[in-house]
Amino acid sequence: MKNARLGFFGKTALPAWEEENGREANVTANVSEADLARQRDFMEQAAEINAGRGAAPLAFVDTYGCQQNEADSEKLRGMLKVMGYEMTRDEAAADVIVINTCAVREHAEQRVLGNVGHLTHTKKAKPDQIICLCGCMMQEAGMAERIRDSYRHVSLVFGPHVLWRFPEYLLSLLQGGKRIFATQASDGVIAEGLPELRDSRVKAWLPVMYGCNNFCSYCIVPYVRGRERSRRPEDVLAQAGMLAGAGYKDITLLGQNVNSYGRDLEGKVDFASLLEQVNAVPGDFVIRFMTSHPKDAGERLFQAMASCEKCARHLHLPFQSGSSRVLSAMNRRYTREDYLRLVEQARRAMPDLVLTSDVIVGFPGETEEEFQETLSLVEQVRFDALFTFIFSPRRGTPAAAMPDPFTREEKQRRFDALVELQNRISEEKHRAYVGSCHRVLVDGTEGEYLTSRTSGGRLVRLKGDPALVGSFRRVRITGSNTWALYGELI
Ligand code: SAM
Ligand code: SF4
Ligand code: F3S
């Protein structure tokens, strides 16, 4: 057996079934059919217990963090549904509460802990209530112990690697078992075929890979989500076909860095070819994807996007900083010049491309001049929208140990200046849409409006019949502001 521990780049903890089989750990493997069948059996047993309770029990699943967590929550809801639960948004009424947590910034963690603290009241009023915590935060060093000792009303803690074993854990609790803490680092596996209960009937998440190998110096994701694992293309295509067949009109392929898709699989498949294969799935739907890491994006991806008629004209390409010195300290492995070259290439391949990005201000040691380089990159690229973050030190990451001489107030000032600049650019770019016509997907309602999205993902508010939700329509843009466009049906 190989050394079983959570390590950097390559070797990961050996999952039990791999230890048994004596296989190498850094090859992606699917959870065996026998293991999945056991979980289905646990779901049936839980459903039987719940059927004996008269009215269907209620479950509340609350999700923090990124689209990956949203996709995981759809699986949790799917499993709960099979186990006989109906969904509720009312914490006090729920028989089971599952909080799917995020660890990416401290603020999100504080919110989770605050909300979990409040659940002492619901548990007191309803002593049989089962409170479960899962997701990235639970995989952080020391977190499970903290929950065990300080949040005694929580019965189940499990990490993202063992999400597929949720039925087993919940059944044990329904049968009166003890509190469970399952945060073993058994990554390197993918569980296919779990039931899903999706939030929308128009838009669907489709994870193509899990984990991250990049270890950007500020980021906790590789530590809590483990190494990159790609789903087999045939599994991705089967699911895309199923979603298109079920009438989904907007499918987003998910991964922390989709551009490294397939590197852990045998055979020659990369993300560009996966995109082409999903594009060939019959049906009228839009394909989106996120996220692309600039170090792995390039001409091959842009050409594939340009040639796939279903692929949205939208690229989310996080730049994080406009300073090459800071990018190097962030371990991003590209320079400001590399990034600007990529943007040029992408826009040459797709002149109507909508470009969005992520940026961090206040990285340890970022000087005023380096921050000015971020502003000048934003001016130069003119993103359509930007997700802006103030650096949050994450324990165990290299950046958390770097000297950080600038005050919170200084960082806030930079953050505000950046947001103001981007708001001006977004407002100008949106104003330029007025008078133009677009094909949009009507995806929901919001007060008196229908909401819809252009191919580039821009929000267009419209007046119209809610029966149009789920259909593609042509609209003329009649108004705009910083965050949205307004239009009328043609
Ligand atoms: N994998 C994606 C990529 O590399 O672009 C990003 C995923 S991360 C969940 C989303 C964004 O959160 C990052 O792009 C980064 O801007 C931000 N982020 C991650 N760690 C952070 C930290 N410690 N402090 C502030 N922002 C952070
Ligand atoms: Fe985090 Fe970097 Fe991985 Fe994105 S690529 S998840 S920012 S380590
Ligand atoms: Fe948060 Fe985990 Fe996503 S840390 S951003 S939920 S991968």
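Quick note: numbers below take in every heavy atom, side chains included, and nothing from hydrogens, waters or symmetry partners. All residue numbers in this chain count up from 1 along the given sequence. One-based numbering, in listed order, for ligands and for the atoms of each.
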Note the single closest protein heavy atom to [atom], along with its residue, its atom name and the distance in Å.
| atom | result |
| --- | --- |
| atom 7 (S) of ligand 2 | Tyr218 OH, 3.4 Å |
| atom 8 (S) of ligand 2 | Cys216 N, 3.4 Å |
| atom 6 (S) of ligand 2 | Gln256 OE1, 3.5 Å |

Taking the non-hydrogen atoms of Arg332, is any one of them nearer than 4.0 angstrom to ligand 2? yes
When you look for heavy atoms under 4.0 Å from ligand 1, do you find them on the side chain of [X], its backbone, both, or neither?
| X | value |
| --- | --- |
| Val104 | both |
| Glu106 | neither |
| Thr397 | neither |
| Phe389 | side chain |

Given Met290, His107, Gln256, Arg105, which one has a non-hydrogen atom that is nearest to atom 27 (C) of ligand 1? Arg105
Interfacing atoms of ligand 2 (cut-off 4.0 Å, heavy-atom, [X]):
| X | result |
| --- | --- |
| His293 | 5 (S) |
| Phe215 | 8 (S) |
| Val221 | 6 (S) |
| Cys219 | 1 (Fe), 6 (S), 7 (S), 8 (S) |
| Asn214 | 5 (S) |
| Pro222 | 8 (S) |
| Cys212 | 3 (Fe), 5 (S), 6 (S), 8 (S) |

For residues [X] and [Y], is any side-chain donor paired with an opposing acceptor at under 3.5 Å?
| X | Y | result |
| --- | --- | --- |
| Asn257 | Asp296 | yes |
| Asn331 | Ser217 | no |
| Thr335 | Ser324 | no |
| Glu168 | Gln39 | yes |
| Glu366 | Ser321 | no |
| Asn115 | Tyr64 | yes |

Over-ring placement of Arg414 relative to Phe406, 6.0 Å and 45° cut-offs: yes
Measure up the Phe158 and Tyr169 rings against each other and bin them: parallel (under 30°), tilted (30 to 60°), perpendicular (over 60°). tilted
Would one find an N or O of [X], backbone or side chain, under 3.5 Å from an N or O of ligand 1?
| X | result |
| --- | --- |
| Gln320 | yes |
| Ser392 | yes |
| Asn257 | no |
| Thr291 | no |

Which ligand 1 atoms, with their elements, are less than 4.0 angstrom from a heavy-atom of [X]?
| X | answer |
| --- | --- |
| Asp358 | 10 (C), 11 (C), 13 (C), 14 (O), 16 (O) |
| Arg332 | 4 (O) |
| Arg394 | 23 (N) |
| Phe391 | 24 (N), 25 (C) |
| Pro318 | 5 (O) |

Sub-4.0 Å atoms of ligand 3 with respect to non-hydrogen atoms of Gln256: 7 (S)
[X] side chain to [Y] main-chain N or O, any donor-acceptor pair under 3.5 Å?
| X | Y | answer |
| --- | --- | --- |
| Asn481 | Trp483 | yes |
| His316 | Met290 | no |
| Gln277 | Leu237 | no |

With ring pair (Phe, Tyr, Trp, His ring centres under 6.0 Å) as the rule and sequence neighbours excluded, what pairs involving residues 324-361 come up? His293-Tyr334, Phe319-Tyr339
Residue pair Arg179 / Val154: nearest heavy atoms and the distance that separates them: NE-O, 2.9 Å
Of Lys75, Arg229, Arg231, the one forming a salt bridge (Lys or Arg N to Asp or Glu O under 4.0 Å) with Glu192 is Arg231
Near atom 2 (Fe) of ligand 3 (protein N/O/S, cut-off 2.8 Å, waters excluded) we have Cys136 SG
Heavy atoms from other residues, nucleotides or ligands near CZ of Arg395 exceed 12 (cutoff 6.0 Å): no
